[in-house]
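Inspection log for the structure reproduced underneath, given as structure tokens.
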Amino acid sequence: MSSTDTLTPSQTSTKAQVLDATTHANIHDKLARALGIKTAQVNAFVKLYDDGATVPFIARYRKEKTQDLDDAQLRALEKSLNYERDMATRRLKITELLSTQGNLTDELQTRIDNATSKLELEDIYLPYRPRRRSPAAKARAAGLDVAAQAVLTQEVTPTDALADYQAQSTITDESGDKIDVDFSDIEKQLAGVQAIIVDEWTQALDLLDNLRSGFAKTASIVSSVASDEKREVGEKFKDYFEHSESLARLPNHRLLAMLRGRQENVLGLKIEGEDTPFIEKIIKHFDVDTKVPAERQAFLTEAATSLWKDKWRPHIEHRLLTEKRLTAEADAIDVFANNLQHLLMSAPAGRKVILGVDPGIRHGVKMAIVDAQGHVMLDGEDKPVVATVYPFAPDNKMTEAKAVIDQLLNTYNVDLVAIGNGTASRETDTMIKEILAANNALKAKAVIVNESGASVYSASELASDELANMDVSVRGAVSIARRLQDPLSELVKVDPKAIGVGQYQHDVNQTQLADSLDKVTQDSVNAVGVDVNTASPAILAHIAGLNKNVAQQIVTYRKEHGAFDSRESLKSVPRLGAKTFEQAAGFLRVHGGSNPLDATGVHPESYALVDSLLAQTGKALPEIIGNDSALNSIDTTALAANDENISVKAIIEELAKPARDPRPEFKTANFRDDINSIKDLSEGMTLEGVVTNVTAFGCFVDVGVHQDGLVHISQMANDFVADPMNRVKPGDIISVRVIAIDEKRGRIGFSMKPEAEKPVRPAVKPPLANTTNDEKASRPRSNRPAADKRPSKPKRQDSSNRNSNDRSKAPRAEKAEAPSKMGTFGALLQEAGVTKAKK
């Protein structure tokens, strides 16, 4: 497992031990129904998981036992299993507490058994949670419970019910501790009686459910600027200075933007809704309107009002907002995880000699060359091949810079030039292309590379170990080159949150985020596999069964004893025991070793089975690897029947295409040479670009002008787009059309719709809408938050313009109203803010 502090299978197994067999069986049946799989599959997974097997290992090498569950299904099963076990453990604890208190009833037990979330469980227990210093507890300790019951059950006025009450001079709680409270006058006594009644009424959980459901349908969330002083400093939240919309229909990304504004003390948030209908329901439920005499009815009506306004409404508001927040956070984490997976699994350039270029202006353009294995090249004096040139202002040493770069490209036979996409990226790209065009002997090709997080890596402890003899300022160039060569191997060295593909990443539960991203990284690394003789500790730590310590032990052993000749020799590494070897061995590759199988995805436990397959063919191993005809002639019936762990079919597929890389073929976008900044853009241009980030409201695209533009979800296709992730992913090369430019604020709007569908433009261009950006954390290369606002009922062109997260009930506009269709300049900016300039 990786080093993230999350529950390991052994820890979850320990937690599971407190649950009985019936509870386990119920959980497994529930998971099977929820995930659409068989209970036998769940049982098989749980047994393996509790025995310490990792998800990648189970997905790859225990397919027979789980009946072909893939890694995505297994991850969903793992997550749900841990949640349901937590729920079951908490159910037991709450049941035990209520039973001890003498409050457990059949009705409460049923509610506990049927609870579907942790929030719901805590709501059930809330009225019974001991509160020694609550007003009701103090009143009961003072002996006011008798009067309270009289008011509830007898036709007496509250004052008459207190006629025989004698205020106690000393009041103690159940533990004998003295309580500092005064019930000496009638007003305080009446308040105490009312507190007891309200506290007793809070146990009407069915009524609470009914009120919560009703309030949730009608409540609105309202945001406002915290103070006039915050208007300028919080300009990025301008759309929410005076904003109100239905809480039930509030899109996840807008809620997170509001919460970020509140966190930064720019916005105030409140939930608005009616009171009277819900107070009337409480009065009706407890038959308050039938109580006599009038003074008693008025007193109980006041108690009903207090129950709603002081107890239930604040609680309902908190729960509704919490549920929305948790849903929004889960959605944001999923977006981040999906983006990260696609980025990690992006196409590698492969074993090429690459010149990494970290562009800059005042501090120069820094360069380093890596060889086909990713090592920094050394010159004749065994010094790293690095250089820094100053072609741009204020130095303007362009001729000298070109000469240095030309010499590097010539001398070291560079195949690719990886140029970071930060400051001066396009200027550097233009300079490199001029050098290549001027010298036909050069074979290199220039490629723009996303450099997000490269500076974080440069200053890290890992970079200090790997590139100890290099200046920090040049390490970024090495990282950029390696990213082009093998994105997965290099990106695992950087905290995923620094890579720039998240959405509101700083506002979600950081433990859950780290856990999700760690699992994505682990699945990606194991899907590709690693060369144990070249892999860094960073990528080894994500191999199934390994952690940071064992990964470092492997690298240390490799340095001391030389390259591993076989997988078997890994058993000599300190702290790499039998269980760890079982989990990790299949994902660790040894190329050019003593056993050809060590370079494939065949697990060592299956080597004997491969020998049986070879015996049928009468051929040696090298003769059947990659030989489809020989492999297809093997009779696997008897072998498959006698083996319960290993998929013979999977072994044959692996031998047919050993160590097949699941990543796509390497290709690059062709940025237009005449488009270098936002000033060069004009509406209607069609450009090729790279998707850098995908969010709930669209995707961001880099076309080489230093700021990513937004393709809003309404501009992604002519048909309805429920989820942008279903249409594009980070790294995709797509064609976009420029439909909106705000040069002053550095914003660009793109459309992926065909030109033929371009809406008719009005004779007079609409004025710019006062919009702000959506959350900056959802964008590459940015940390500043912002907000996305859409009109509550915008005019619609057609069904393709409906945002899946915010569907309006307004009628669609007719064709005659073309100037109001989405896609026009003003309407797009009203629909969503777009990204500002990269830094």
Side-chain angles (χ1 to χ4, degrees), residues 94 98 101-117 119-129 131 134-137 139-140 144-158 160-161 190-220 247-248 271-323:
I94 289 176
L98 290 173
Q101 296 167 4
N103 292 321
L104 185 63
T105 63
D106 291 342
E107 180 185 358
L108 275 176
Q109 186 65 64
T110 299
R111 292 183 69 91
I112 292 169
D113 292 340
N114 293 335
T116 58
S117 71
L119 278 175
E120 187 177 350
L121 272 179
E122 297 308 320
D123 267 7
I124 294 170
Y125 182 55
L126 184 62
Y128 306 95
R129 187 183 297 278
R131 294 181 295 274
S134 70
R140 286 193 177 96
L144 289 168
D145 194 48
V146 174
Q149 295 307 315
V151 173
L152 284 172
T153 60
Q154 301 175 26
E155 295 182 357
V156 296
T157 67
D160 290 343
L190 288 171
V193 169
Q194 193 170 90
I196 292 173
I197 292 172
V198 169
D199 187 65
E200 186 169 318
W201 281 354
T202 59
Q203 298 176 22
L205 298 179
D206 287 337
L207 175 60
L208 175 59
D209 289 342
N210 180 271
L211 298 182
R212 183 191 303 110
S213 175
F215 189 78
K217 294 176 182 177
T218 59
S220 297
L247 180 63
I271 305 297
E272 286 190 351
E274 294 181 289
D275 287 324
T276 303
F278 303 102
I279 295 173
E280 289 176 349
K281 285 186 177 182
I282 295 174
I283 290 172
K284 182 178 180 180
H285 181 84
F286 292 111
D287 295 324
V288 173
D289 50 359
T290 66
K291 306 299 184 186
V292 291
E295 293 90 335
R296 178 190 177 208
Q297 184 181 118
F299 185 79
L300 291 175
T301 299
E302 186 178 325
T305 302
S306 176
L307 172 61
W308 172 251
K309 290 187 175 181
D310 301 332
K311 291 279 189 180
W312 276 355
R313 175 165 174 166
H315 171 74
I316 289 172
E317 289 180 1
H318 180 266
R319 174 166 167 179
L320 291 177
L321 197 56
T322 299
E323 288 175 337

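We number each residue from 1, following the sequence as shown.
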Non-hydrogen side-chain atoms of [X] and [Y] separated by less than 4.5 Å:
X	Y	result
L152	F286	no
I271	L247	yes
T202	L208	no
F299	L190	yes
Q154	R296	no
W308	I283	no
D160	E295	no
I316	F278	no

For E274, does the CD atom sit with more than 12 other heavy atoms under 6.0 Å from it, leaving out its own atoms? no

Quick check: are there more than 12 heavy atoms from other residues, nucleotides or ligands sitting under 6.0 Å from CG of D287? yes

Applying salt bridge (charged side-chain N to carboxylate O under 4.0 Å, His left out) to D209 and not counting sequence neighbours gives R111, R212

If we ignore angles and hydrogens, is there a donor and acceptor under 3.5 Å between the side chains of H315 and D123? yes

Considering all heavy atoms of both residues, which atom of [X] and which atom of [Y] are nearest to each other, and what is their separation?
X	Y	value
A136	I196	O-CG1, 3.9 Å
A204	H285	CB-NE2, 4.1 Å
L307	W201	CD2-CB, 3.8 Å
K311	P314	O-CD, 3.5 Å
V151	A161	CG2-CB, 3.8 Å
Q149	T153	O-OG1, 2.6 Å

Salt bridge (charged side-chain N to carboxylate O under 4.0 Å, His left out) pairs, two or more places apart, involving residues 191-202: R131-D199, R140-D199

Can you tell me how far apart [atom1] ([X]) and [atom2] ([Y]) are? Round to the nearest 0.5 Å.
X	Y	atom1	atom2	result
H318	L119	NE2	CG	8.5 Å
L104	Q109	CG	CD	5.0 Å
L98	R129	CG	CZ	10.5 Å
E155	Q297	CD	CD	11.5 Å
L300	T305	CG	OG1	11.0 Å

Applying the side chain to side chain contact (heavy atoms under 4.5 Å, CB included) test to T301, which of I282, V288, D289, I279 qualifies? V288

Qualifying residue, where the test is side chain to side chain contact (heavy atoms under 4.5 Å, CB included) with E107 and the options are I112, L205, D206: D206

Sidechain-backbone polar pair: R313 side chain, G273 backbone, donor-acceptor under 3.5 Å: yes

Are the charged groups of K284 and E280 less than 4.0 angstrom apart, N to O? no

